[in-house]
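Note that these values count all heavy atoms, side chains included, but never hydrogens, waters or copies made by symmetry.
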Amino acid sequence: MPRSNDSLSNRLYRFVAGDAGPWRIVNIDTVVGDPLPAAVRVRVEEETSASASNTRWVLRGVTSNERYVTRTEKQKLVARQEGLGRGTATCAALIPIRKSDAWWSLPQDKRRRIFETRSRHIGIGLDYLPAIARRLHHCRDLASDEPFDFLTWFEFAPDDESLFNELVARLRATEEWKYVEREVDIRLSRADL
C-alpha cells in the first residue's frame with residue numbers, strides 16, 4: 001500500500017542554520033570536500049513548517065527504514081538505544097555526508113559487506129549506546145540537487161563528548177569512509193543553557 005503524503009511529511013526534516021534556533025553552533029569542521037557557510041544557530045524542523053527565512057543553509061532529509069541492518073542487529077539497536085531529547089543530552093552533532101559515485105555503483109550486497117562485515121559500522125555504533133542517541137536522515141532520494149546523501153543527528157551529555165569523538169574517529173578509520181567525498185562535522189550545544 002503506498003504511503004500517503006501525510007505519513008511522508010511526518011518523516012521529512014530540515015536543519016535550518018542562521019541566527020535563530022535552540023542549538024548554538026560551537027564549531028563547524030569540514031572533514032573532506034566543500035565547507036558549509038558559517039552560522040550561529042540551528043533549528044530542527046519537520047518539513048511542514050513555514051519556509052525558512054534569514055538562513056545560511058538548509059539541509060533536508062527523511063527518516064526511513066535501516067537499509068543495511070539485519071533483524072538481529074536491529075533488535076540489538078532497539079534494545080540499547082535511547083531516544084532524542086533527553087534532558088541530560090545538551091550537546092549535539094549534525095554530520096552531513098555524501099558518498100562517491102563509486103559507492104553508489106556497487107550492488108547492495110557489496111555495500112553491506114563494506115558497511116558492516118568489513119567496517120563494522122553497526123557494531124561500532126553499538127559500543128556507544130545508550131550514551132549517544134542518533135537519528136539518520138536520507139537525502140539522496142529527495143531531489144537530485146541535495147548536497148548530501150545522509151544527515152546524522154546525534155545527541156549526548158557533555159560528559160560523553162569524548163565517547164562521541166572516539167565513535168567518529170573509529171568510523172572514519174574504516175574502509176567505508178574511503179567512499180566519503182564530502183563530510184562536515186557540526187558541533188552544537190543547547191542555546192538556552
I need the single residue from Lys76, Arg170, Arg80 that forms a salt bridge (charged side-chain N to carboxylate O under 4.0 Å, His left out) with Asp127. Which is it?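 Passing option: Arg170.
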
Run the ring-centre check on [X] versus [Y] and record whether the distance is less than 6.0 Å.
| X | Y | answer |
| --- | --- | --- |
| Trp103 | Trp177 | no |
| His137 | Phe150 | no |
| Tyr179 | Trp104 | no |

What's the shortest heavy-atom distance between [X] and [Y], and which atoms?
| X | Y | value |
| --- | --- | --- |
| Ser64 | His138 | CB-CD2, 3.4 Å |
| Leu106 | Arg111 | O-NH1, 2.6 Å |
| Glu161 | Arg187 | OE2-NH1, 3.9 Å |
| Val42 | Ala17 | CG2-CB, 4.1 Å |
| Trp23 | Thr90 | CZ3-O, 3.6 Å |
| Pro158 | Cys91 | CA-SG, 3.7 Å |

Distance in Å, Glu146 CD paired with Arg60 CZ, rounded so as to fall on 0.5 Å steps: 4.5 Å

Between CD1 on residue Ile122 and NZ on residue Lys74, distance to nearest 0.5 Å: 10.5 Å

Side chain to side chain, Ile95 and Val31, heavy atoms closer than 4.5 Å: no

Is any side-chain heavy atom of Leu171 less than 4.5 Å from a side-chain heavy atom of His121?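 The answer is yes, as the side chains (C-beta and beyond) meet within the 4.5 Å cut-off.
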
Using a 6.0 Å distance limit plus a 45 degree cone around the ring axis, check whether Arg135 lies over the aromatic ring of Phe154. no

In terms of hydrophobic clustering (I, L, V, M, F, W, Y; side-chain heavy atoms under 4.5 Å; direct or indirect links), are Phe164 and Ile97 co-clustered? yes

Can you confirm whether more than 12 heavy atoms, excluding those of Asp109, are under 6.0 Å from its CG atom?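 Buried by this count: over 12 neighbours within 6.0 Å.
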
Within 6.0 Å of CG in Asp101, more than 12 heavy atoms from elsewhere: no

